[in-house]
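Note sheet for the following structure.
Start at 1 and go down the list; that is how both ligands and their atoms are numbered. Below, all heavy atoms of this structure are taken into account, side chains as well, without hydrogens, waters or symmetry copies.
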Amino acid sequence: VPPMSVVFLLLLLLTCLSGIAQPTDSIPLRHGAHRIGNRTDSDMAHWRDYGLGQFIHWGLYAIPGGFWHGQPVNGAAEWIRSSKKVDPKEYDALISQFNPVKYDPVAWALMAKNMGTKYVTFTTKHHDGFCLWPSKYSDFTIMQSPWKKDIIKPFVEAYNKQGIDVYLYFSIMDWHNPDWRYELKTKSDSVAFDRFKEFTKNQLTELLTLYPTTKGLWFDGTWDKSWKASGAFSDELEQYLKKLRPGLVIGSRLRADEKGNRHLDANGRLMGDYHQVWERKIPETIAEVKGYDWECVMTVPENQWGYNARWSGHVKSSSEIIEMLANCVSKGGNFVLNFGPKGDGSFREEEIRLAKEIGNWMAVNGEAIYAAGQSDFRKEDWGYYTKSKTSGKTYMVVFNTPVTNMLKVNIPKNQKIASQKLLGSKQVLPLEHIEGRMHYIRLPGGVRQQPAVIELQLISDDQKKELDVPKT
Ligand SMILES: C[C@@H]1O/C(=N\OC(=O)Nc2ccccc2)[C@@H](O)[C@H](O)[C@@H]1O
């Protein structure tokens with residue numbers, strides 16, 4: 001038997017020759033990924049089936065809404081405190097104005113339900129450090145505002161009542177806390193940041209204790225050197241939170257390994273339950289998904305998460321958003337659309353209309369989205385295939401109708417199409433065999449306001465033979 005060193009070298013050579021850096025555990029890590037591959041438990045299976053989610057960014061930044069002293073401020077509205085035009089003390093004084101008299105979590109939850117939302121991620125504390133819950137560990141909370149009531153509790157209750165799971169967004173970076181550090185340069189930095197880490201753990205314990213139906217935590221603000229130098233803490237924190245709330249879903253933005261790597265550890269293994277890099281972008285190919293669980297979080301304007309009174313640039317239509325949703329589901333991911341309520345707790349007209357239009361489409365075509373994922377079909381130009389994990393049916397979500405109305409369908413080996421119907425009308429559509437596995441399905445003519453979905457019932461070739469046998 002060749003000595004282990006030869007075997008190891010051969011393995012290493014094979015890996016290099018393979019041309020792609022396969023994750024290997026060649027670098028010993030104490031605080032890297034602790035699991036190879038995806039979670040297999042029921043909580044994660046439930047997460048995979050959501051399809052459509054809602055993100056809500058709400059806090060003090062919704063009061064200025066992207067403007068300061070009457071002037072528009074460039075950048076994302078929820079980042080306005082960091083603008084050179086803004087005095088942070090003046091920004092923090094906004095707390096005395098936070099009195100959202102139109103805040104109606106029951107109405108919010110109903111809008112989300114009617115949109116077809118299955119889960120929601122809600123900002124408990126964004127980078128500005130303002131806590132929407134009565135945190136004992138901060139004096140910069142909803143209790144020090146004129147509102148003086150917990151925002152999160154009625155929100156969680158209202159959404160849960162509509163059958164929508166709640167995930168809590170939490171920014172590690174906290175501009176208000178004097179112990180926050182971007183970088184640990186001195187001993188005193190480390191002493192302060194140790195206090196900050198304790199504060200963070202305490203606040204997260206509060207959130208999971210006060211809101212026990214929370215299904216997961218959505219971390220943000222973890223890109224600075226101070227956090228990259230805190231890999232061990234981030235690992236211990238994740239393990240602590242999962243012990244506190246078994247089944248909790250936490251994405252890859254929380255963790256760093258002991259070498260400062262984020263999302264993937266030094267061995268190329270994902271740290272977290274799903275890949276949390278898809279922010280305002282969707283994987284171009286299924287290869288980019290790398291087999292991870294993933295979700296895409298998306299803004300309606302180009303890059304505004306908190307309320308901005310002036311949406312400049314392109315504002316997405318409901319059809320564009322539905323295409324993004326179908327695109328994500330066709331690649332095995334979830335799609336999460338962001339809403340930014342105004343300072344008074346009301347939603348802007350554009351978002352109310354979008355929620356309605358998306359909901360109308362989901363009411364007819366939701367079976368192509370919920371508990372659906374990648375199909376066995378090769379992608380075609382007209383749109384996306386999805387496959388239901390429950391019914392096993394395949395769906396064609398059509399966005400780009402050819403001028404001929406003829407949709408090319410390349411049927412996978414050993415399969416035949418037993419039926420092809422338009423969702424909603426249940427209208428059977430003409431199927432024409434071209435040659436080999438290539439077929440055409442003809443869409444009815446006429447202008448459509450929203451994407452059409454065709455339900456394909458497939459059977460295997462041998463099943464079809466049984467069906468074709470004349471009944472004796
Ligand atoms: C969901 C968004 O998340 C953020 N930032 O995300 C990122 O920084 N994303 C990122 C950064 C580098 C590479 C890829 C994604 C926040 O700053 C923003 O206000 C919003 O809450």
Side-chain angles (χ1 to χ4, degrees), residues 53-66 73-83 86 88 91 94 117 119-132 151-152 166-177 180 182 200 207 216-228 234 249-256 260-264 270-272 274-284 288-290 292 294-309 311 313 316 321 324 328 333-341 343 351:
Q54 180 188 46
F55 215 145
I56 294 191
H57 276 72
W58 197 39
L60 295 185
Y61 40 79
I63 297 172
V73 174
N74 287 335
E78 71 283 356
W79 273 75
I80 197 168
R81 186 184 190 275
S82 69
S83 164
V86 176
Y91 175 92
L94 288 170
T117 308
Y119 68 130
V120 63
T121 300
F122 187 38
T123 49
T124 61
K125 180 179 85 169
H126 205 262
H127 309 331
D128 62 2
F130 178 61
C131 303
L132 286 176
I151 291 280
I152 308 291
V166 174
Y167 291 69
L168 299 180
Y169 167 109
F170 183 89
S171 174
I172 296 288
M173 176 169 72
D174 179 331
W175 295 327
H176 182 84
N177 187 310
W180 164 254
Y182 288 98
T200 298
L207 289 172
L217 295 169
W218 207 96
F219 286 98
D220 199 11
T222 55
W223 48 79
D224 287 301
K225 286 180 181 170
S226 53
W227 194 255
K228 286 180 179 173
S234 73
V249 175
I250 298 178
S252 61
R253 269 194 197 186
L254 171 64
R255 292 281 311 286
N261 296 293
R262 292 180 62 234
H263 298 286
L264 304 187
L270 186 72
M271 293 183 282
Y274 63 93
H275 208 186
Q276 214 178 343
V277 290
W278 302 107
E279 182 211 313
R280 294 179 295 119
K281 56 180 188 276
I282 297 172
E284 291 285 324
E288 283 179 66
V289 169
K290 297 180 194 160
Y292 303 135
W294 64 281
E295 75 178 7
C296 163
V297 291
M298 188 57 73
T299 49
V300 176
E302 188 195 337
N303 183 11
Q304 294 293 335
W305 297 89
Y307 172 71
N308 192 318
W311 272 1
K316 298 169 190 76
I321 287 164
M324 292 177 173
C328 289
N334 289 326
F335 179 76
V336 179
L337 185 63
N338 181 72
F339 289 72
E351 291 181 351

Next on the checklist: Show me which atoms of ligand 1 lie under 4.0 Å from any heavy atom of His126.
Outcome noted: 18 (C), 19 (O), 20 (C), 21 (O)
Checklist entry - Would you say atom 11 (C) of ligand 1 touches the protein, meaning some protein heavy atom is under 4.0 Å from it? => result no
Checklist entry - Among Val277, Leu270, Asn334, Val289, which one satisfies side chain to side chain contact (heavy atoms under 4.5 Å, CB included) with Trp294? => result Val289
Item to check | Short N-O contact, Glu288 and Lys281, less than 4.0 angstrom | outcome: no
Item to check | Protein heavy atom at shortest distance from atom 7 (C) of ligand 1 | outcome: Glu279 OE1, 3.0 Å
Item to check | Heavy-atom protein neighbour under 4.0 angstrom from atom 2 (C) of ligand 1 | outcome: yes
Item to check | Distance-minimising heavy-atom pair for Phe339 and Pro341 | outcome: O-CD, 3.5 Å
Checklist entry - What do we get for Arg280 next to ligand 1 when only non-hydrogen atoms under 4.0 Å count, side chain, backbone, both or neither? => result neither
Item to check | Gap between atom CZ of Arg81 and atom CG of Asp128 - 0.5 Å precision | outcome: 7.0 Å
Checklist outcome for this item: One finds that the ligand 1 atoms under 4.0 Å from a non-hydrogen atom of Trp79 are 16 (C), 17 (O), 18 (C), 19 (O)
Next on the checklist: Any nitrogen or oxygen of Trp305 lying under 3.5 Å from a nitrogen or oxygen in ligand 1? Just yes or no.
Outcome noted: no
Checklist entry - Are Phe55 and Trp218 close enough that their ring centers fall under 6.0 Å? => result yes
Checklist outcome for this item: For Tyr169, the atoms of ligand 1 under 4.0 Å from one of its heavy atoms are 21 (O)
Checklist entry - When rounded to the nearest 0.5 angstrom, what distance separates CZ in Arg280 from OG1 in Thr299? => result 5.5 Å
Checklist entry - Any idea which protein heavy atom is nearest atom 16 (C) of ligand 1, and the distance to it? => result Asp220 OD2, 3.0 Å
Checklist entry - Closest non-hydrogen protein atom to atom 14 (C) of ligand 1, residue and atom name please, with distance? => result Lys281 NZ, 4.0 Å
Item to check | Per-atom contacts of ligand 1 with Glu78, taking only distances under 4.0 Å to non-hydrogen atoms | outcome: 18 (C), 19 (O)
Next on the checklist: In terms of relative ring orientation, are Phe219 and Phe170 parallel, tilted or perpendicular, with 30° and 60° separating the classes?
Outcome noted: perpendicular
Next on the checklist: On a heavy-atom basis, which atom in Trp79 and which in His126 lie closest, and how many Å separate them?
Outcome noted: NE1-CE1, 4.4 Å
Next on the checklist: Quick test: of every protein heavy atom, which one is nearest to atom 8 (O) of ligand 1, and how far off is it to 0.1 Å?
Outcome noted: Trp223 CZ3, 3.3 Å
